[in-house]
2 protein chains.
Amino acid sequence: MAEDKIRTMDDFARISEISRPTLSKYFHDPDSVRKTTRAKIESALEEYDYRPNIFAINQNRKLTKTIGIVVPYLADPFFSEIVRRIECQCIDAGYWPIVFSAHGQQGLENNALATLQSLRPAGALIAPLGRSSDFEAVKKFTESVPTVVFDSNVKVGKAFVGSNNFQSIPLIVDYLCRTGEPPCFLEMPPINPNANKRRDAYIQAMEGLGHDPKVIRAEGTGWSFEQIGLEEGKRLISARSLPSETILCSNDRMAIGLIAAAYQKGLRVGHGPGCALRIAGHDDHPWSQFTCPPLTTVAQDFNAIATKSVETLFHLIKDGCDNQDRPEVVFDGKLVLRQSA
Amino acid sequence: MAEDKIRTMDDFARISEISRPTLSKYFHDPDSVRKTTRAKIESALEEYDYRPNIFAINQNRKLTKTIGIVVPYLADPFFSEIVRRIECQCIDAGYWPIVFSAHGQQGLENNALATLQSLRPAGALIAPLGRSSDFEAVKKFTESVPTVVFDSNVKVGKAFVGSNNFQSIPLIVDYLCRTGEPPCFLEMPPINPNANKRRDAYIQAMEGLGHDPKVIRAEGTGWSFEQIGLEEGKRLISARSLPSETILCSNDRMAIGLIAAAYQKGLRVGHGPGCALRIAGHDDHPWSQFTCPPLTTVAQDFNAIATKSVETLFHLIKDGCDNQDRPEVVFDGKLVLRQSA
DNA sequence: ATTAAATCTTTACTCCCGTAAAATTTTCTC
DNA sequence: GAGAAAATTTTACGGGAGTAAAGATTTAAT
């Protein structure tokens, strides 16, 4: 194995005895060359592990194989899980996923979009920050890159994939009303459209059932939802100002904080005898099953959202963005009954 | 604002009336040009928002401004938090951080390393999978890219930054022994060197205090530590085979699972009267403060680890890798006393 | 004002690969 | 085995910026 520094495709062409244009074709799509040629290339590849230079590849390609993924906050398990799935699917399809997190900051989101744009990606999957997004910047980005928006339905891009808040929230509201006192709603700070939709869906569902909706808006900013749930929860419990013993939180992370608040205030959570509060969430975050008690919630279909987003994007990349309508696909949630409510 | 398609640096040189090589210098380091020149460039930049093409930039640079970050599992909050900090620091220093997650899989780790290598990064910060890493592949990577290894001290790369398990574990063992029954140790699957070090540190600390160390190895593979802690915990509690009422877990995620197990089995956790178990963890994961009861643990210094890793890497990039010794910097943990133990 | 140093411009070459067109070879079909 | 179709090679150019060297200009120092 005389590995004499195979750095360029020309070098590799020499030792593999295949012309460079053919190699180029092969690396673009291994199936596009004759079987015997492919075998020759691959046997040479085993001996000398050459990889084309990504920068050089993309610099001169009309359509790169890069796919950008931009999320508002990667440390949120919802996004880390979604990203994980999206990434794997992109890799399987021969694309090169590259992940950016805005870390909750507009500046970083803009930065990520600008960087991504200069990468000339084949497409992008973005979950905008929402309220704190620089709308014009995001819009501008989506005008030059085929983009699927997911999770947070900011009205840009060529399609949206998310979850159906107007199905999932009524689902759990209905359950909670059937099994005990109608819930009040602990709302997260309205950082994105989901926050508002969930509140509206709650109100609608309660009214539909003939109950009086009671919304509590938690103060606080940023992405520390557990913290917000904890602080607000402790305050509400101390002040005895919870309008209902059943509390539906607009997401699991708030609920996790609220459960902690109840614990710290000595209130027992659950639907059994001797329980003072019922707490439910929304999303079925990865660690919602480990709260004490385990959290009753509505599961967002992570897999479906990831898969559909990727599929939609591939479709977009292939067929272009001819259609003027901006399809919105939303998935239903599934009730996950545990012990907290 | 006649934005006549400024696509290339040549275009931008024309409208800004600065020569292209000077522009190139500017984009590489804004401070490297005269103040008046810089002002001219930046005012032009405001009018025509031009950005150099990343691919073209990196293709022909000796040293790119790319920095690769590879972690074993991005959905683990420890890594998402560390990555967040590292990313921000790289950006501030004018580098382009690019994050890869192995998602727990050797194949993806190799893939990430190979991709990263073909990006010719200025340097890399990697936390190897550990046991399931392809050691030779990782080693080979580190031989061609200046690399700082963090968290998991796999013996490759030019430096290591992590936490001092032989300080942090004795710290909490000592606390637990002082305040109640000496702890047994619930060990996570030995996926990386940390797992083993923590166990060894526990044994050493217990022996130093004249106690009999008792190690329980949890079965299970993969990165679902909470799940492993929960299952194993339920099993141990049901079988009444916990060797001590005090349990030190090798990380917080296991502890979170174990607390859930105790809850589900009706055992009260804490150090107060009426508590059946004391549970402690290690790391101070972001959500350890929200468990019920809040988790007593040892905090790893996320900031210090991130900062030192980045600093070390920048140092390496600047001064080359002349020194033959492989410095290992470890940070002490701090006891975080909450209610669980 | 005079020099020296620092900075900028011009010119020209390089990086590694994409891609198009024409010429050649291989494979397939009947 | 002839002819057509498919794949490959040859040749050549281009992408967008890095970078080196030499000469011109500006700035700082004396």
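Naming convention: chains lettered A, B, ... in sequence-line order (proteins, then strands); numbering from 1 in each chain.
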request  = Give the ring-plane orientation class for Phe12(B) versus Tyr50(B), where under 30° counts as parallel, over 60° as perpendicular and anything between as tilted.
outcome  = parallel

Protein-nucleic acid N or O pairs under 3.5 Å, nucleotides 23-30 of chain C:
none

ask   = Taking atom types as modelled and ignoring hydrogens, do the side chains of Gln117(A) and Ser144(A) form a donor-acceptor contact shorter than 3.5 angstrom?
value = yes

query = Of Ile57(A) and Val33(B), whose closest DNA chain C nucleotide lies nearer the 5' terminus?
reply = Val33(B)

inquiry  = What's Phe12(A) touching, base or sugar-phosphate or nothing? Going by heavy atoms closer than 4.0 Å.
reply    = nothing

query = Quick one: do Lys155(B) and Glu328(B) make a salt bridge, cutoff under 4.0 Å?
reply = yes

Close residues, residues 17-31 of chain B, relative to DNA chain C [heavy-atom separation under 4.0 Å] = Glu17(B), Ile18(B), Ser19(B), Arg20(B), Pro21(B), Thr22(B)

ask   = For Glu81(B) and Arg84(B), what are the C-alpha separation, side-chain angles and deciding distance, and is it a salt bridge (charged side-chain N to carboxylate O under 4.0 Å, His left out)?
value = CA-CA 5 Å; Glu81(B) 282 296 328; Arg84(B) 192 163 71 89; 3.1 Å; yes

task = Would you mind reading off the distance between Asp10(A) atom CG and dT14(C) atom P, rounded to a whole angstrom?
result = 14 Å

key: Integer-rounded Å distance: dC8(C) P and Lys40(B) NZ   = 10 Å

request  = Starting at atom CZ of Arg14(B), determine the distance to atom P of dT10(C), rounded to an integer number of angstrom.
outcome  = 12 Å

inquiry  = Can you confirm if the aromatic rings of Phe78(B) and Tyr73(B) lie within a centre distance of less than 6.0 Å?
reply    = no

Atom pair distance, as rounded to whole Å: CZ in Arg51(A) and C1' in dC17(C) = 16 Å

query = Any side-chain N or O of Thr37(B) under 4.0 Å from OP1/OP2 of dC8(C)?
reply = yes

ask   = Quick one: CZ on Phe100(A) to CG on Leu119(A), what's the gap to the nearest 0.5 Å?
value = 5.5 Å

request  = Would you sort out whether Thr37(A) and Tyr26(A) count as a side-chain contact (heavy atoms from CB on, under 4.5 Å), showing the intermediate values?
outcome  = CA-CA 9 Å; Thr37(A) 313; Tyr26(A) 167 82; over 6 Å; no

request  = Using atom CD of Gln59(B) as one end and atom C1' of dC13(C) as the other, report the distance to the nearest whole Å.
outcome  = 14 Å

query = Rounded to whole angstrom units, what separation is found between the CZ atom of Arg120(B) and the P atom of dC17(C)?
reply = 8 Å

task = Dump the intermediate steps for side-chain contact (heavy atoms from CB on, under 4.5 Å) on Asp151(A) and Ile305(A), then the final yes or no.
result = CA-CA 8 Å; Asp151(A) 182 57; Ile305(A) 293 175; over 6 Å; no

query = What is the nucleic acid contact for Arg38(B), judged by heavy atoms within less than 4.0 Å: base, sugar-phosphate only, or nothing?
reply = nothing

request  = Nearest whole angstrom, please: distance from the P of dA17(D) to the NZ of Lys65(B).
outcome  = 17 Å

ask   = Expressed in angstrom and rounded to an integer, what is the separation of Phe55(B) atom CZ from dA17(D) atom C1'?
value = 14 Å

note = Correct closest heavy-atom pair for Ser152(B) and Val149(B) would be O-CG1, 3.2 Å

